[in-house]
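Take a look at the structure below.
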Amino acid sequence: KAKYSVDNALTREVARALAGIGWHVADIEYRRVGHTGGGWPGSNADVLAALGHIRAQLTGIVPAHTRAFRTVIFGHSAGGQLAIWAAHHAARARSEAA
């Protein structure tokens, strides 16, 4: 976070609360506008790469039937927009695969 001079106190506290009740939590980082590769499509690609990595890490740790139902993506400001985009992207990919 310090690399981008961003204070994510709000999301950090939510992540701690979720972890405190037993959820697996990842606080991801992505390139921002004004940094090399930040903005479209770099920031979006970073979020998808992070989600793919998380999914791979949870395989074998968390039963498959609970992974899908206990996935929450959230963010603040631009991170919130990226979270909504990522959720839409995942839903669209699932519907195209069906």
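The figures here come from the full heavy-atom set of this structure, side chains too, leaving out hydrogens, waters and symmetry mates.
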side-chain contact (heavy atoms from CB on, under 4.5 Å) evaluation trace for Ile54 with Ile28: CA-CA 10 Å; Ile54 292 164; Ile28 67 168; 3.9 Å; yes
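For the side chain to side chain donor-acceptor pair (under 3.5 Å) test, residues two or more places apart in sequence or in another chain that qualify with Arg92 are Glu96. Under the side chain to side chain contact (heavy atoms under 4.5 Å, CB included) criterion, His76 pairs with Leu10, Thr11, not counting sequence neighbours. In terms of the side chain to side chain contact (heavy atoms under 4.5 Å, CB included) criterion, residue partners of Ala83 (sequence neighbours excluded) are, by chain and number, Ile73.
The line from OG of Ser43 to CG of Leu48 is 11.0 Å long, rounded to the nearest 0.5 Å.
Side chain of Tyr30 to main chain of Gly42: no donor-acceptor pair is present (N/O by atom type, distance under 3.5 Å, no hydrogens or angles). Side-chain N or O atoms of Arg32 include none that pairs as donor or acceptor with a backbone N or O of Gly38 at under 3.5 Å.
A 4.5 Å side-chain heavy-atom check between Arg31 and Thr36 finds every atom pair outside the cut-off.
Residue pairs meeting the salt bridge (charged side-chain N to carboxylate O under 4.0 Å, His left out) criterion with at least one member in residues 75-87: none, sequence neighbours excluded. For the side chain to side chain donor-acceptor pair (under 3.5 Å) condition, no pair includes a residue of residues 81-90, sequence neighbours left out. Sorted pairs that involve residues 76-89 and meet salt bridge (charged side-chain N to carboxylate O under 4.0 Å, His left out), not counting sequence neighbours, are lacking altogether.
When hydrophobic residues (I, L, V, M, F, W, Y) are linked wherever their side-chain heavy atoms come within less than 4.5 Å, Ile84 remains an isolated member.
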Throw together a table of side-chain donor-acceptor distances under 3.5 angstrom for residues 13-22, partners on residues two or more places apart or in other chains.
from  : atom 1 : to    : atom 2 : distance (Å)
Glu13 : OE2    : Arg16 : NH1    : 2.7

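Shortest non-hydrogen contact noted between Asp46 and Glu29 is CB-O, 4.5 Å. Nearest heavy atoms, Ala86 versus Leu51: CB-CD1, 3.8 Å.
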